[in-house]
Amino acid sequence: MMHHQKQSTYYYVHLTPDGNSSKIISGYVSASQVEAGHNTNYPEIDYTSIDQFTDSADYNSYIQKGKKQKLAREIVKLFPNSPVDLGLSKIAAYDYDTFNNTSDGDPNPISKQGYTDIKQFPSIQKWLYAHEKASNATKLAGIKQLLDKEGYSASKRASMSGYKLGIQIVNNIKGYEDESRDATRWNGYVFILARPDGSS
């Protein structure tokens, strides 16, 4: 576009917050005011694809502040000495979310290089999918009970300081099916533990 007799580049922005077509926000934004990246206003965002995050600190910020990450925050608290790791979270989402046909995952698994002694929880994952409409409190109680049953008591979990946590929780996020605009819900429940290579 020409602006003040100078050719400038603009982006046309067309947003529908919360999928509400009656609240469309649109207009032109100067390219100088736009930079590559993703929206980090996590308290106002329902969902961000795991591929958009830049590092573990960014991903953990999403979990701690995300509007729809309450269940994820409670799961993270269950492993107080196993920090969230973005690389391991991608492995969880792509390679271990076996009950979700619409996950972020690619049919080709990603490399597990850099991690050993991976511990997965398929029985918990299966239970969460079977109870996806339950409250967060019910889900958390079920997770704790199943962790105890599998030998991961609170003291055991607290002792796992040599492990990282890989996690992706998509908990009843409102979405739409293609062009039909019929409301649906996205769900994804997976978390794993692993030792980074070189840890003892």
Side-chain angles (χ1 to χ4, degrees), residues 46-50 53 56 59-107 109-175 184-200:
D46 283 352
Y47 171 74
T48 299
S49 168
I50 199 165
F53 299 100
S56 294
Y59 187 53
N60 194 49
S61 180
Y62 168 69
I63 290 174
Q64 295 304 320
K65 300 174 184 177
K67 182 178 178 181
K68 299 287 187 175
Q69 290 296 297
K70 292 177 183 178
L71 181 60
R73 285 193 285 276
E74 294 303 316
I75 294 171
V76 169
K77 289 178 186 176
L78 297 178
F79 301 91
N81 296 306
S82 303
V84 172
D85 182 85
L86 177 59
L88 190 60
S89 295
K90 288 181 178 181
I91 291 171
Y94 280 78
D95 296 357
Y96 289 94
D97 195 358
T98 55
F99 296 92
N100 186 2
N101 294 325
T102 58
S103 70
D104 280 332
D106 188 288
I110 61 175
S111 171
K112 299 171 185 64
Q113 184 175 358
Y115 303 96
T116 60
D117 193 20
I118 293 176
K119 300 183 184 302
Q120 57 179 312
F121 305 94
S123 63
I124 296 175
Q125 189 180 20
K126 184 176 181 180
W127 185 91
L128 285 168
Y129 277 110
H131 297 84
E132 60 186 24
K133 293 182 180 179
S135 68
N136 283 346
T138 298
K139 287 173 182 167
L140 187 63
I143 291 168
K144 287 179 178 178
Q145 184 176 21
L146 289 167
L147 282 171
D148 287 344
K149 186 177 179 180
E150 294 190 23
Y152 290 89
S153 64
S155 59
K156 167 73 172 176
R157 298 192 307 267
S159 72
M160 301 181 77
S161 58
Y163 287 82
K164 301 281 188 178
L165 177 65
I167 183 170
Q168 178 178 249
I169 301 298
V170 183
N171 192 27
N172 290 318
I173 305 296
K174 184 178 180 181
T184 186
R185 296 282 172 175
W186 299 341
N187 291 290
Y189 305 103
V190 62
F191 61 92
I192 61 175
L193 295 163
R195 290 183 184 273
D197 278 353
S199 65
S200 57

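Not a single salt bridge (charged side-chain N to carboxylate O under 4.0 Å, His left out) links Lys126 to another residue, sequence neighbours left out. Residues satisfying the salt bridge (charged side-chain N to carboxylate O under 4.0 Å, His left out) criterion with Lys77, sequence neighbours excluded, are Glu74. Taking Tyr62 as the reference, Tyr42, Phe53 meet the ring pair (Phe, Tyr, Trp, His ring centres under 6.0 Å) condition, with sequence neighbours excluded.
The ring-ring contact (aromatic ring centres under 6.0 Å, His included) test with Phe191 is passed by exactly one of Phe121, Tyr163, Tyr152: Phe121. For the pairing with Tyr189, the side chain to side chain contact (heavy atoms under 4.5 Å, CB included) check across Ile167, Ile169, Asp97 returns one residue only, Ile169.
In this structure, Ile63 and Arg73 have side chains that are in contact, with non-hydrogen atoms separated by less than 4.5 Å. Side-chain contact between Met160 and Leu165: absent, with no pair of heavy atoms (C-beta onward) separated by less than 4.5 Å. Considering only heavy atoms from C-beta on, Ser82 stays 4.5 Å or farther from Lys164 through its side chain. When side chains are defined from C-beta on, Asn171 counts as touching Asn187, because their heavy atoms get closer than 4.5 Å. For the pair His131 and Thr138, the minimum side-chain heavy-atom distance is 4.5 Å or more. Between Ile110 and Ile91 there is a side-chain heavy-atom pair separated by less than 4.5 Å. Under the 4.5 Å side-chain criterion, counting only non-hydrogen atoms from C-beta, Val190 is not in contact with Leu128. Here the side chains of Leu78 and Leu140 are in contact, with some heavy-atom distance below 4.5 Å.
Annotation for Lys70: atom NZ does not count as buried by contact number, only 12 or fewer foreign heavy atoms lying within 6.0 Å. The environment of CD in Gln145 is sparse: at most 12 heavy-atom neighbours from other residues, nucleotides or ligands sit within 6.0 Å.
The minimum heavy-atom distance between Gly162 and Pro196, with the atom names listed, is O-CD, 3.4 Å. Across every non-hydrogen atom of Tyr59 and Ser89, the tightest pair is CE2-OG, 3.3 Å. Glu132 and Asn172 get closest at one heavy-atom pair: O-ND2, 2.9 Å.
Distance check: Tyr47 OH to Ile173 CD1 gives 9.0 Å after rounding to the nearest 0.5 Å. Summarising the geometry, atom CZ belonging to Arg157 is positioned 6.0 Å from atom CG belonging to Asp148; distances are rounded to the nearest 0.5 Å. In this structure, the separation between CG on Asn136 and CG on Leu71 is 5.0 Å, given to the nearest 0.5 Å. Atoms CG and NZ, on Asn60 and Lys65 in that order, are 10.0 Å from each other to the nearest 0.5 Å. Distance NZ/Lys90 to CD/Gln168: 11.0 Å, rounded to 0.5 Å. Once rounded to the nearest 0.5 Å, the distance linking OG of Ser161 with CZ of Phe79 reads 14.0 Å.
Not one N or O on the side chain of Tyr96 forms a donor-acceptor pair closer than 3.5 Å with the backbone of Ile192. Panel note: side chain Ser56, backbone Leu86; a donor-acceptor pair is recorded below 3.5 Å. In this structure, Asp85 contributes its side chain and Gly166 its backbone to no donor-acceptor pair below 3.5 Å.
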